K.L.:
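Please see the structure below; I have some questions.
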Amino acid sequence: MKQAQIQVLVDAQDDLTLKAIGQKIIQNERISFEDGVALFEKASLPYVGALANWKRHELHGDHTYFNRNFHIEPTNVCVFSCKFCSYSKLYAHKEEGWELTIDQMMDIVRSYDGKPVTEVHIVGGVHPKLTLAFFLDLMRAIKAHRPELHIKAFTPVELDYMFRKAKVSVKEGMRLAHEAGLDSLPGGGAEIFHPAIRTIICDDKVDANGWLEIHQTAHELGMHSNATLLYGHIEKYEHRVDHMERLRQLQDQTKGFNTFIPLKFRNKDNEMNAVPESTMLEDLKMYAISRLYLDNFPHVKAYWPMLGRQVAQLTLSYGVNDIDGTIDDTTKIYSMAGSEEQNPAMSTLELVRLIKQAKRTPIERGTLYNVIQDFSLIDEAAIEA
Ligand code: V47
Ligand code: SF4
């Protein structure tokens, strides 16, 4: 949408508050906490959608990114008891749990030898016996085998636990992890920062300040990271905006975040199964408003295994410019929670088609958004699965 067209849409808005917010957005002025809440409460999907789509186009044109990665989940046993998580019951039911050795994880890494993946994403439960030393050895082994593979690993929940057990400060722990091969942090573990909700849904793991401190420390060491928000359960709109506000403030200081990923709460097989899931309209509004609120985050990503590929494709017209990757999945966390995709996997060709159908340009990226290939220039018959 061109500037003149978006201006017409804002001018036609009857609600004066929403008109003023729209005006700020198209003048590239920051919107306030109250503006964010007002967008959630009062704005129509077409209004926030058009503004977010305009903003996305201003930032990225038609480029829509994906990457080729694979996931490793070292364990599904977890000492914590987040109510929304299908893992939390496993500590009490150890017979359903798994715990991979370094050799088993290296077998997974080696199974990608010769394949065009650029990133390994490592995240899992918090096993009481796994230590910082174990994960440092794992990262050293991966780097010794395939030095150019980007290691995006561990949430502050896992790191905080490892550092406490190893009796090292966050600064020292992050320095050791970086030195051993940790390249960046994924966005998990953030959930909802506000204590009114966090104490109900995940009381016993790292709190908001602990999460933010670990990301801040990573940024100060020159690493980048992502941030998530778990939406669509018992939180109110003000908690979503509060969460984004805390992220926006840290990003103003460090500029270390790459990507924001709203995660849709799924209610299968967890203690919150009586909480209904959000509608598609609510999903699209969440993506659009996060694009508008987080004006200092370069990218907004739709994580298709949780959202379903159809809704993920739609989000590309509601502020999203990244659709994660060709997750070739052994990952259980999402299928256990009731994601659309029981065994998430999408080939490069499927991803490229999904992006092209939305009239966007599919760009394969590295973790840090370096362009690897423009797939609009490649004949589909030549695309390797
Ligand atoms: O923090 C757990 C979420 C997250 C459920 O940085 C659930 O590129 C919905 O953060 N319903 C981990 N979500 C996953 C994550 C992630 C995923 C993909 C890419 C990146 C990235 C990060 O999964 C947890 C939690 O918020 N989660 N249970 C559930 N029932
Ligand atoms: Fe453990 Fe993470 Fe699940 Fe919480 S969300 S119970 S920390 S695996």
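Starting from 1, each residue takes its place in the sequence as its number. Small disclaimer: the values here were computed from a predicted structure and weren't measured. Both counts, for ligands and for their atoms, begin at 1 and track the order of listing. Quick note: numbers below take in every heavy atom, side chains included, and nothing from hydrogens, waters or symmetry partners.
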K.L.:
Just distances here: any N/O of F84 and N/O of ligand 1 closer than 3.5 Å?
P.N.:
yes

K.L.:
Are F297 and F257 an aromatic pair, judged by ring center distance below 6.0 Å?
P.N.:
yes

K.L.:
Taking distance alone, with no angle check, do H121 and ligand 1 share an N/O pair under 3.5 Å?
P.N.:
no

K.L.:
Between K301 and ligand 1, which part of the residue brings a heavy atom under 4.0 Å of the ligand: side chain, backbone, both or neither?
P.N.:
side chain

K.L.:
Check whether any heavy atom of G125 sits under 4.0 Å from an atom of ligand 2.
P.N.:
yes

K.L.:
Tell me whether S86 has any N or O atom under 3.5 angstrom from an N or O of ligand 1.
P.N.:
no

K.L.:
So, are R198 and D204 salt-bridged, with charged N and O less than 4.0 Å apart?
P.N.:
no

K.L.:
Heavy-atom distances under 4.0 Å decide this one: backbone, side chain, both or neither, for C78 against ligand 2?
P.N.:
side chain

K.L.:
What part of N267, side chain, backbone, both or neither, has a heavy atom within less than 4.0 angstrom of ligand 1?
P.N.:
neither

K.L.:
Step through it carefully: locate the ring centre of F135, locate the ring centre of F154, and say whether they are under 6.0 Å apart.
P.N.:
yes

K.L.:
Between D374 and S376, do the side chains contain a donor N or O and an acceptor N or O under 3.5 Å apart?
P.N.:
yes

K.L.:
For atom 7 (C) of ligand 1, tell me which residue out of I192, T155, L230, T259 has the closest non-hydrogen atom.
P.N.:
L230

K.L.:
Cation over ring, R240 on F40, under 6.0 Å and within 45°?
P.N.:
yes

K.L.:
As a check for students: among C202, C82, S81, identify the option with a heavy atom nearest to atom 4 (Fe) of ligand 2.
P.N.:
C82

K.L.:
Determine whether a donor-acceptor pair (N or O, by modelled atom type, separation under 3.5 Å) exists between the side chain of Q251 and the backbone of Q249.
P.N.:
no

K.L.:
Quick check, are the ring centers of H299 and Y369 under 6.0 angstrom apart?
P.N.:
yes

K.L.:
Does at least one non-hydrogen atom of V157 fall below 4.0 angstrom from an atom of ligand 2?
P.N.:
yes

K.L.:
If the cut-off is 4.0 Å to any non-hydrogen atom of M306, which atoms of ligand 1 fall inside it?
P.N.:
7 (C), 9 (C), 11 (N), 13 (N), 29 (C)

K.L.:
Have a look at ligand 1 and work out which part of N270, if any, has a heavy atom under 4.0 Å from it: side chain, backbone, both or neither.
P.N.:
side chain

K.L.:
When the ring centroid of Y293 is compared with that of F33, is the distance short of 6.0 Å?
P.N.:
no

K.L.:
Check for me whether K152 has a heavy atom closer than 4.0 Å to any atom of ligand 1.
P.N.:
yes

K.L.:
For ligand 1, which atoms sit closer than 4.0 Å to a heavy atom of N226?
P.N.:
6 (O), 8 (O), 21 (C)

